[in-house]
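What follows is a set of notes on a single structure, which appears directly below.
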Number of protein chains: 2
Amino acid sequence: MTRAETAATTRRALIRAASELLDEGGPDAVTLRAVGARAGVSRGAPYGHFENKDHLLTQLAVNAWNSLAEEAARLRANLEIPVRARLEGGLLALIAVARRQPHLFALMFSTPANTPVAVEAADRVASEFLALVADVVGEADAPRYGALLMSSAYGIAGMELGGHLTKETWHVSVEQLVHMLVDHTPPGPGEPGRAG
Amino acid sequence: MTRAETAATTRRALIRAASELLDEGGPDAVTLRAVGARAGVSRGAPYGHFENKDHLLTQLAVNAWNSLAEEAARLRANLEIPVRARLEGGLLALIAVARRQPHLFALMFSTPANTPVAVEAADRVASEFLALVADVVGEADAPRYGALLMSSAYGIAGMELGGHLTKETWHVSVEQLVHMLVDHTPPGPGEPGRAG
DNA sequence: CCACCTTACTTGACAATGTCATCTGAAATG
DNA sequence: CATTTCAGATGACATTGTCAAGTAAGGTGG
């Protein structure tokens, strides 16, 4: 392997290791020593690829934002499903991160990841979501609806994550949310379903 | 001062010191040594009052939740203002914490504070909010509306905090949120105002 | 093929921090 | 006043982020 290749491989291994450790044991489990060990290198190696630990964590957040942006773009391009379902899919994608990788979700919205790079990546996601909303309510109203929808989806995810939506009565569905905000109707009859 | 009095005073001083350090310098500034120093005691003193650092931080979160619960209860009891305004006030109180004490807000919803005690305190807030909602939409519909309203308010606060609602077009107001969700109408005409 | 340079990575070291065992002095008790 | 109790102080230790110095393998010129 050429030198540049080994370096790139190591960098990927470091990111992968950090991501796995975050998912498995939360933020406290992500020590540079543990990351290095899992990546097959030693504790100081990350400094050859990232300015410091925060930059490594920020990279995890940026990757997550980029994945979300890609998924939103994919959804929008999929003309086989109705616009409404595409929008709901985008919101659910955000919530899915909170469910599948709660620590990563927390990282995406936490201070260490609030560097300009991460905010920029998040803004790209916002743009994609805005487009999804525009497909439903039109360009003119998209910003107002979009902000409410994104905030609400993020809120549902975060509250659920913090254990504040556990009680049966507090379950909330994204479909309900979209229905109420976009169609301007009261919540549908019957049981409120679990989001998803 | 009797021994119990000095102990209680020290405990209060520790909580106050931790709170101030959190507000001033974020989570990293809250070291037990700094807390002790500001409280006029030494680094090991907190262990006489809290099981460990996390328990001290949890106490900060619990206090914040309790303040919110009190404010919601006060609002609900204030019959001089219309029910709608009371509900908006409750939601705004949550957002106000995010604006005035962003680090505290993050702590309230972060893992270290997700202990049973903190969740219980948060549940009391939820109950108060639920009552505020019930005063507007009735007992039957309160849970569904309440979950959406609380999640949305939390989402607005969190997104704003993370710098994801900075763009002019993304500003969102609580009044708009309540209006859309409760009255089932499209967002009002004209500029979307800043929440608050 | 060899001497030299470049660089990804390792290792030793250090300061900061959370935590605990031990100690101390003053309050409480009889 | 003697003794007990307990809030708080202090020394010590492991862990961690960080960096300077060292090392060895990849790359380059002759």
Side-chain angles (χ1 to χ4, degrees), chain A residues 1-61 103 106-107 110-115 118, chain B residues 1-22 24-61 103 107 110-115 118:
Chain A
M1 232 181 349
T2 165
R3 190 143 64 177
E5 283 169 348
T6 56
T9 301
T10 299
R11 187 191 155 94
R12 270 191 299 272
L14 287 169
I15 292 180
R16 181 188 193 82
S19 176
E20 289 176 1
L21 286 167
L22 181 67
D23 289 347
E24 293 168 13
D28 291 349
V30 187
T31 74
L32 289 184
R33 282 159 172 83
V35 170
R38 183 170 293 217
V41 291
S42 94
R43 58 183 203 273
Y47 288 92
H49 301 270
F50 307 94
E51 197 170 320
N52 58 39
K53 187 186 179 183
D54 274 358
H55 278 61
L56 169 56
L57 293 177
T58 298
Q59 188 59 53
L60 297 186
H103 298 295
L107 176 65
S110 74
T111 318
N114 275 357
T115 79
Chain B
M1 230 183 346
T2 166
R3 190 143 65 178
E5 283 170 349
T6 57
T9 300
T10 299
R11 187 191 156 93
R12 270 190 300 272
L14 287 170
I15 291 180
R16 180 188 194 82
S19 176
E20 290 175 0
L21 286 167
L22 181 67
E24 294 168 13
D28 291 350
V30 187
T31 73
L32 289 183
R33 283 159 172 84
V35 170
R38 184 171 292 217
V41 292
S42 94
R43 60 184 200 274
Y47 288 91
H49 301 271
F50 306 94
E51 198 169 320
N52 56 40
K53 188 186 179 182
D54 274 358
H55 279 61
L56 169 57
L57 293 177
T58 298
Q59 188 59 52
L60 296 186
H103 299 294
L107 176 65
S110 73
T111 319
N114 275 358
T115 80

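Just so it is clear, the values below take in all heavy atoms, side chains as well, and ignore hydrogens, waters and symmetry mates. Sequence lines set the chain letters: A, B, ... in the order given, protein chains first and strands last, and positions in each chain run from 1.
- A/T31 comes within 4.0 angstrom of sugar-phosphate atoms only, judged by non-hydrogen atoms across all strands, and of no base.
- Heavy atoms of B/V30 sit under 4.0 angstrom from primed sugar atoms or phosphate atoms, though from no base atom.
- Considering every non-hydrogen atom in both B/H103 and B/P27, the closest pair reads ND1-CD, 3.7 Å.
- Under the side-chain contact (heavy atoms from CB on, under 4.5 Å) criterion, A/A34 pairs with A/L21, A/T31, not counting sequence neighbours.
- For A/R38, the salt bridge (charged side-chain N to carboxylate O under 4.0 Å, His left out) partners at least two apart in sequence or on another chain are A/E20, A/E24.
- For the side-chain contact (heavy atoms from CB on, under 4.5 Å) test, residues two or more places apart in sequence or in another chain that qualify with A/N52 are A/Y47, A/D54, A/H55.
- As a whole-Å value, the separation of B/H55 NE2 from C/dG18 P is 16 Å.
- Over its full length, the helix from C/dC1-D/dG30 to C/dG30-D/dC1 turns its helical axis through 0°, comparing axes from the five pairs at each end and rounding to 10°.
- Summarising the geometry, atom NE2 belonging to A/H49 is positioned 5.5 Å from atom CG belonging to A/L14; distances are rounded to the nearest 0.5 Å.
- By the side-chain contact (heavy atoms from CB on, under 4.5 Å) test, A/T115 pairs with A/T58, A/V117, A/A118, sequence neighbours left out.
- Nucleotides of DNA chain D with any atom under 4.0 Å from a heavy atom of chain A span, from 5' to 3', D/dT16 to D/dG27.
- Between B/A18 and B/L56, the shortest heavy-atom contact is CB-CD2, 4.1 Å.
- Atom CG of residue A/D28 and atom CG of residue A/L22 lie 10.5 Å apart, to the nearest 0.5 angstrom.
- Of the residues in residues 5-19 of chain B, none lies under 4.0 Å from DNA chain C by heavy-atom distance.
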**Fill in**
In 5'-to-3' order, the base (B), backbone-only (S) or no-contact (-) status of each nucleotide in nucleotides 19-30 of chain C, using a 4.0 angstrom heavy-atom cut-off, is BS-----BBS--
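- The side-chain contact (heavy atoms from CB on, under 4.5 Å) search around A/D23 returns A/S19, A/Q101, A/L104, not counting sequence neighbours.
- Between the CG atom in B/L32 and the NZ atom in B/K53 there is a gap of 6.0 Å [rounded to 0.5 Å].
- Whole-Å rounding puts the A/D28 CG to C/dG18 C1' distance at 12 Å.
- Residue pairs meeting the salt bridge (Lys or Arg N to Asp or Glu O under 4.0 Å) criterion with at least one partner in residues 2-14 of chain B, sequence neighbours excluded, are absent.
- B/L21 has its CG atom 14 Å from the C1' atom of C/dT17, to the nearest Å.
- The salt bridge (charged side-chain N to carboxylate O under 4.0 Å, His left out) test applied to B/E51 returns no partner, not counting sequence neighbours.
- Nearest heavy-atom pair across A/A17 and A/A39 is CB-N, 4.1 Å.
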